[in-house]
Amino acid sequence: MESYRRNFRAFLAFFTPSFAWLGLFFFVPLGIIWLYSFGETEGLTKIRLTWTLENYKRLLEPEIISLFWRSVWLSVISTAICIVISYPIAMVIATAKAKWKPWLLLVIILPFWTNLLIRTYALLNILGTRGRLNDLLHWLWSAGDRALSMIGLGDYHLLGERFVPVKFLGEPAGVMIGLVYVYLPFAVLPIYASLERLDRSYLEASLDLGASQWRTFRQILLPLSSGGINTAMVITFIPMLGSFLIPDLLGRGQVDMIANVIERQFKSGNDWPFGSALSLFLLYITFILLALQSFHAMRQRKREEARG
Amino acid sequence: MNKSESPIISVKGVTKRFGSFTALQDISLDIRPGEIFALLGPSGCGKSTLLRIIAGLETATEGTVAIDGQDMTGIPANKRPVNMVFQSYAVFPHMSVADNVAYGLKLERRPAAEIREKVAEALAQVHLSDFAHRKPDQLSGGQRQRVALARALVKRPKVLLLDEPLSALDAKLRDAMRLELVKLQESVGVSFVIVTHDQSEALAMADRIAVLKDGVLRQLDSPAALYKRPVDRFVADFIGSINMFAVTGRRAEGGDAARLETAELGAIAVPAAHLPAAGKGALTLAVRPERVKVGAKAQKEAQGEGGLVSVAGRLGDVAFQGNSSIVEVLLEGGGSLSALVSEAEADHLMQAESGSPITAWWALDDMLILPENATAA
Ligand SMILES: Nc1ncnc2c1ncn2[C@@H]1O[C@H](COP(=O)(O)OP(=O)(O)O)[C@@H](O)[C@H]1O
Ligand SMILES: [Mg+2]
């Protein structure tokens with residue numbers, strides 16, 4: 001890695017395109033957004049840089065705080081559901097016969113080959129009050145109702161007089177179903193990778209020492225795959241927090257997340273400075289969290305060194 | 001040891017098939033209390049599979065395993081009174097050394113003080129007391145193995161199962177660990193079943209050895225008996241080094257003798273009593289290098305003909321081995337044989353030029369007549 005200093009020109013020729021790309025389409029726009037966030041709108045189209053902190057102060061308005069809060073808890077719960085669903089899936093793939101693995105992985109990755117917009121529209125069709133999911137629930141309701149009639153409880157209508165469709169669209173539940181559906185593969189893959197790497201003899205050793213399957217799962221398998229779980233949490237939580245299309249379509253304007261409000265500032269709201277402050281706020285939080293995490297890791301390392 | 005004592009492990013007619021592949025074929029053997037028992041065989045012969053069947057980590061397709069008189073069929077690994085030291089050691093990387101050793105005890109819901117005491121005792125036994133709070137990634141391979149040993153022994157198993165316990169160690173540590181394992185076994189007193197592909201390891205450590213080949217038990221005997229009286233060509237070849245000559249023709253001779261033809265030695269008359277009783281396939285004549293004498297023709301003639309086999313050849317390489325040397329004799333009938341000679345004899349032979357005529361001979365009684373496979377019907 002020293003040689004790039006000596007061959008500076010070759011290095012320059014090689015990396016200039018990527019640096020130029022990054023600079024032009026990432027850092028420059030980010031800088032502009034950063035400047036906007038200290039600006040004020042003037043008239044319909046102008047923004048004056050006044051170094052005002054007004055936009056940041058507005059982040060503390062109750063409306064915005066509750067928006068952030070909703071985005072966070074929707075993402076946290078969806079991430080948790082994703083992990084809980086994807087762990088067994090990853091286990092099935094990791095323990096499948098070698099010849100089945102590529103096919104099972106393909107099934108997991110297959111949805112990526114369809115555009116997100118199309119998949120989300122498909123979900124609209126499934127989650128609507130007359131959608132497929134409600135058809136299924138209706139069928140289950142009928143079956144349950146019939147079963148109750150058969151055992152002579154038909155007159156009590158324990159399951160209600162008639163089937164009432166569940167409303168998913170425009171509700172947090174619908175948005176969470178969408179988030180889980182879209183980001184599930186992102187959670188399965190890292191967990192699968194960590195399980196695949198895991199030496200099976202750890203599990204066998206645990207059983208051999210007298211542990212039950214459940215205890216082996218909790219005390220050996222989970223801790224030894226925590227790396228995969230952490231990665232899965234990070235790479236599902238972060239894009240969920242910033243997701244736009246899913247709450248936009250499935251939330252029907254009732255379940256806004258941060259990105260929906262940001263979009264409104266840049267479009268109908270025509271308040272670019274506030275939109276910029278909103279956008280950057282997430283970035284600041286991410287930086288702070290990363291800093292805290294590396295601080296924590298550093299302290300842990302120091303402690304281990306002191307002990308070892 | 002009392003031979004009439006009932007076995008601590010009794011394997012009866014165990015067959016294991018993976019799909020259409022048969023990894024173990026009708027294995028029956030008994031392991032006695034307090035012995036070191038080796039499962040020996042080339043890689044892929046099914047040793048680990050048999051060990052895992054005993055541990056309950058694999059189920060036999062046919063046959064049964066009994067531990068201390070109790071049939072283990074249907075009893076899972078976590079309920080069997082045996083413990084295993086895995087080939088990779090499988091020391092839990094996220095737990096300290098002490099927590100690894102305590103893992104099996106905590107499952108037994110013993111009082112914390114008792115667990116602490118037992119862990120300390122077990123760690124002392126494997127000389128790891130100073131490492132109790134280390135994480136496995138701060139240990140050497142040999143130390144990790146000791147953790148695995150302590151972790152299994154602290155459970156007071158009726159039998160300790162060890163899968164290739166020395167194969168992951170470097171050569172020097174391996175020799176030291178051989179001795180230490182034997183000492184450890186003596187001090188804890190439970191039977192050890194050791195899987196190994198290294199015949200010298202098995203010979204050095206085991207009280208009895210089961211030799212496996214392609215999932216079939218070829219011979220079960222003490223190390224000395226395996227060496228002196230191998231039942232077939234495979235066992236003879238696998239245990240120690242040996243000169244072998246394929247028998248190409250066989251003819252009954254008058255009385256109680258048979259004539260065996262070999263390309264290298266010519267025809268040799270042997271007593272019919274020496275012929276193997278069981279087995280199938282071509283016969284092989286075999287003689288251990290230390291039984292072969294070499295010298296000038298006159299030297300051999302001085303000993304007379306009675307019960308000797310001799311063969312003429314030329315002197316080949318002499319490989320110095322400290323207090324003895326291996327002499328290669330290039331046979332006139334093609335091929336070669338090796339003889340183990342003393343330092344003095346080697347000095348004497350070295351005076352002759354390489355390629356000069358030489359005679360090799362051995363007692364007829366020292367020559368083994370082996371079938372290809374004694375277990376084949
Ligand atoms: N789970 C399995 N599935 C299929 N074949 C297996 C399995 N475990 C072992 N084998 C096969 O059984 C044979 C014996 O394996 P093993 O007992 O591990 O041999 P070794 O004597 O080297 O310990 C090998 O050919 C191996 O490929
Ligand atoms: Mg093996």
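Chain letters run A, B, ... following the sequence lines, proteins first, then strands; residues in each count from 1. The figures that follow rest on heavy atoms only: side chains count, while hydrogens, waters and symmetry mates do not.
Of the listed residues (Leu105(B), Asn83(B), Val154(B), Asn78(B)), the one with the most heavy-atom contacts under 4.5 Å to chain A is Asn78(B).
Of the atoms belonging to Arg80(B), not a single heavy atom falls under 4.5 Å from chain A. Contact of Val85(B) with chain A is not made at all, since no heavy-atom distance falls under 4.5 Å. Residue contact with chain A, scored on non-hydrogen atoms closer than 4.5 Å, involves the side chain of Lys155(B) exclusively.
No more than 12 heavy atoms of other residues, nucleotides or ligands lie within 6.0 Å of CH2 in Trp100(A), so this atom counts as exposed by the packing criterion. Atom CZ of Phe244(A) sits in a crowded spot, with more than 12 heavy atoms from other residues, nucleotides or ligands closer than 6.0 Å. Within a 6.0 Å radius of CD in Glu117(B), no more than 12 heavy atoms belonging to other residues, nucleotides or ligands are found.
Using non-hydrogen atoms only and a strict 4.5 Å limit, the part of residues 187-220 of chain A facing chain B consists of Asp199(A), Ser201(A), Tyr202(A), Glu204(A), Ala205(A), Ser206(A), Leu207(A), Asp208(A), Leu209(A), Gly210(A), Ala211(A), Ser212(A), Gln213(A), Arg215(A), Thr216(A), Gln219(A), Ile220(A).
For Tyr89(B), there are no ring-ring contact (aromatic ring centres under 6.0 Å, His included) partners two or more places apart in sequence or in a different chain.
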